[in-house]
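One structure below.
To find a chain, count down the sequence lines: A is the first, B the second, and so on, and within it residues start at 1.
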There are 2 protein chains.
Amino acid sequence: MPRSTSSSSSKGGPVTLAMVARRAGVSPQTVSNALNSPDLLRPETLERVRHAIDVMGYRPSRAAQTLRTRSSKLIGYGVQPTPAGSATPVMDRFLHALSQAADEAGYRILLFACPPGGPTLDGYEELLGQHEVDGFVLSGTARQDPRQAWLAQRGVPFVGFGRMWSGRQIGDWVDVDGASGTDAAVEHLVALGHRRIAFLGWPRGSGVGDDRAEGWQRAMRRHGLPTRGRRAQSVDDIDSARSAIKPMLDAGVTAVVAASDMLALGCYHALRERESAPGRDVSVIGFDDSPTAAILSPTLSTIAQPMEAVGWECVRLLLARMADASAPPERVLLEPFLVVRDSTPAVHPGPSGPTTSTAAR
Amino acid sequence: MPRSTSSSSSKGGPVTLAMVARRAGVSPQTVSNALNSPDLLRPETLERVRHAIDVMGYRPSRAAQTLRTRSSKLIGYGVQPTPAGSATPVMDRFLHALSQAADEAGYRILLFACPPGGPTLDGYEELLGQHEVDGFVLSGTARQDPRQAWLAQRGVPFVGFGRMWSGRQIGDWVDVDGASGTDAAVEHLVALGHRRIAFLGWPRGSGVGDDRAEGWQRAMRRHGLPTRGRRAQSVDDIDSARSAIKPMLDAGVTAVVAASDMLALGCYHALRERESAPGRDVSVIGFDDSPTAAILSPTLSTIAQPMEAVGWECVRLLLARMADASAPPERVLLEPFLVVRDSTPAVHPGPSGPTTSTAAR
DNA sequence: TCTCAGCGTTAGATCGTTCCAATGACACTA
DNA sequence: TAGTGTCATTGGAACGATCTAACGCTGAGA
């Protein structure tokens, strides 16, 4: 393994295609072909060129490639600062998956700062104007997000993490099936013997929140369980959540499915206030698997979003879109998964007792 | 303000320097000068060129600039996935500040995936080989981090977020003064009337942990308070922390300064176990201001790291290094700040009572 | 009177790569 | 033998910017 990467520091500039060509006794174009269309070369020539490349530690210059091919192999991603204490707590996983998936396809992720307020188009325009990126990954796509339409209009490939909940769907996106998550949460609780299961969600109108509520509702109906009067709503704040869930606890629910870990924590507080214990007296399931969930006491069962998979899928869809701009839009809905912890113990000793034939223990 | 940015989509390719030159009635080079050294142009020519640039919506092509100047205006940053439940909870703030600061200087941040284990050099080598980046920002610099030496050896500009705790200092870095943070924590507690203040840290030998311990120690000494037998240690895990702090509580400490929020949470558990209440009976201060801190009950007072400032400083130092490779290394130590919450209430009704003249209220 | 530095601008070469059209060598059919 | 086609390779021209050296002219210093 020669791999003398030091050659770049041995003499003046870096190793160029022409230098490799001279050494291998071929023309520059042949070296280019050896890299981009190896099947055009005769095997022995290919071997010779490859050897020269290896010995000299040659790496093509991205700048020159970009200039010539008009493709930077860069994907733009706008980082927004976390608004407050919540949201995207696992962004690093997403970003890691994103760059890893990009890397494997020969792309890289280029960051740029999105202003804290709503996402503006300035940053996107600038990156495009300078032909710096081939496409974008959007995240935190809100309702009525102007970016999708703006990008679509000028034919820029993009993929969103998150559906558009209102208006016409534009472009490709990857999202997590919140309904499926809360559905699974209900399934889990029913299997543990619960029948009076409340849902603590956000005020109606937020797409994500309504989606999560819907999964709870459909699972309840499937099991013939009542949903009327079992649904509470609150903004994503502990104290609001605490008071919002009280009536449900008064009504004797034995389990709560919350639309976020923050809301679930509100349940914890409401329970403690009435000297009940989360987990022991009332089971609680959160959503998002925030870092906090694992260290609460009792540790919080929660629905986790497969952030790595989201990252991979974003890159996959984006590459497909860049390969074929006219392909029909692709939308991927990923399944979240339930992380069972201590807030949903296996034996449910609540007032109603187990009603299904779940094997205890 | 014409600013017809649509011109790039009106006809074939993008607007080039030559096109602007033709329109302004000057040579391409003059347009280049208008952008890079405006003082070379006669004011009227400058105005004419600028007008043409504006009307045509011209933006220089980064690829061409990079090819010619051999400077990509890109800064590399390796994203590591969060190891487990801990660390880098506020990475998005850091990244946002980083890209914003870079943007303002005409640079951008390029991500690449660092393997989960130790940081390898492969990624850095590849980015350098292709001349994709002008410098690096390193984070999570561990003791004996090989990257610093490797980069320094080949003259690549870099700046680390985090000191090197062992071995010779290499290159520029930005770090947060942990000792100053714990010092401030002790100051705060003393002002509230506490005198028996314990420190719960990590096992000796970790640079960061020892640094934080040192601040507690020096502040205690300054106030003539005893530190012997007041220092507990534990790995960053709730249960370990809980049992580690027990002896201190038995010894009657009225406040605990912890080296991390996780350890602080261990204190909470230890206190509850003995039917004491964090905040009411014993004050607790954590470190890092993780998202969890604000939602614990009682909410946890904690030392927050100025992540935005760290980001800015990283970029500042890196740019300085790129401008002058032979300048003496610069090291920046930023002050963390105390976020006062409910775990350190103003009135300390512990067994010893307030000893200083803090206004009760 | 002669030299020379400075003025704002320009022509031409250059960075390292890929695209396009054309090359020569070779085997195949007619 | 000439014609046709395929294959592997090549020369030259972009891509869009910046760098260097020089343009013709003016006014100051010798």
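Among the heavy atoms of the strands lying under 4.0 Å from L67(B) is at least one base atom, whether or not backbone atoms are also near.
Checked by atom type and distance alone, the side chain of Q130(A) never pairs as donor or acceptor with a backbone atom of P60(B) at under 3.5 Å. With hydrogens and angles disregarded, a donor-acceptor distance shorter than 3.5 Å links the side chain of R321(B) to the backbone of A327(B).
Whole-Å rounding puts the L40(A) CG to dT6(D) P distance at 15 Å. One atom, CG of L41(B), and another, C1' of dT9(C), lie 9 Å apart when rounded to the nearest Å. The distance between atom CZ of R62(B) and atom C1' of dT18(D), rounded to the nearest whole Å, is 12 Å. Across the protein-nucleic acid pair, R48(A) atom CZ and dA8(D) atom P stand 14 Å apart, rounded to whole Å. Across the protein-nucleic acid pair, R70(B) atom CZ and dC19(D) atom C1' stand 12 Å apart, rounded to whole Å. In this structure, D39(B) places its CG atom 14 Å from C1' of dG6(C), rounding to the nearest Å. Between the CD atom of E132(A) and the P atom of dG16(D) there is a distance of 16 Å, rounded to whole Å.
Using a 4.5 Å heavy-atom threshold, the side chains of I53(B) and L35(B) count as touching.
Remark: aromatic rings of F94(B) and F161(B) are close, center separation under 6.0 Å.
R42(A) has no side-chain polar atom (N or O) that falls below the 4.0 Å cut-off from OP1 or OP2 of dC7(D).
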What does the list of N/O pairs under 3.5 Å between the protein and nucleotides 17-23 of chain C look like, with a distance for each?
residue: dT17(C); atom: OP1; partner: Y58(A); partner atom: OH; Å: 2.5
residue: dT17(C); atom: OP1; partner: S61(A); partner atom: N; Å: 3.2
residue: dT17(C); atom: OP2; partner: L17(A); partner atom: N; Å: 2.3
residue: dT18(C); atom: OP1; partner: N36(A); partner atom: ND2; Å: 3.0
residue: dT18(C); atom: OP1; partner: Q65(A); partner atom: NE2; Å: 3.1
residue: dT18(C); atom: OP2; partner: S32(A); partner atom: OG; Å: 2.7
residue: dT18(C); atom: O2; partner: R68(A); partner atom: NE; Å: 3.3
residue: dT18(C); atom: O2; partner: R68(A); partner atom: NH1; Å: 3.4
residue: dC19(C); atom: O4'; partner: R68(A); partner atom: NH2; Å: 3.1
residue: dC19(C); atom: N4; partner: Q29(A); partner atom: OE1; Å: 2.2

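Listed by first and then second residue, the side-chain hydrogen bond (donor to acceptor under 3.5 Å, both in side chains) pairs that reach into residues 24-36 of chain A are S27(A)-T30(A), Q29(A)-N33(A), S32(A)-N36(A), sequence neighbours excluded.
Remark: of the listed residues W150(B), F112(B), Y77(B), F112(B) is the sole one forming a ring-ring contact (aromatic ring centres under 6.0 Å, His included) with Y124(B).
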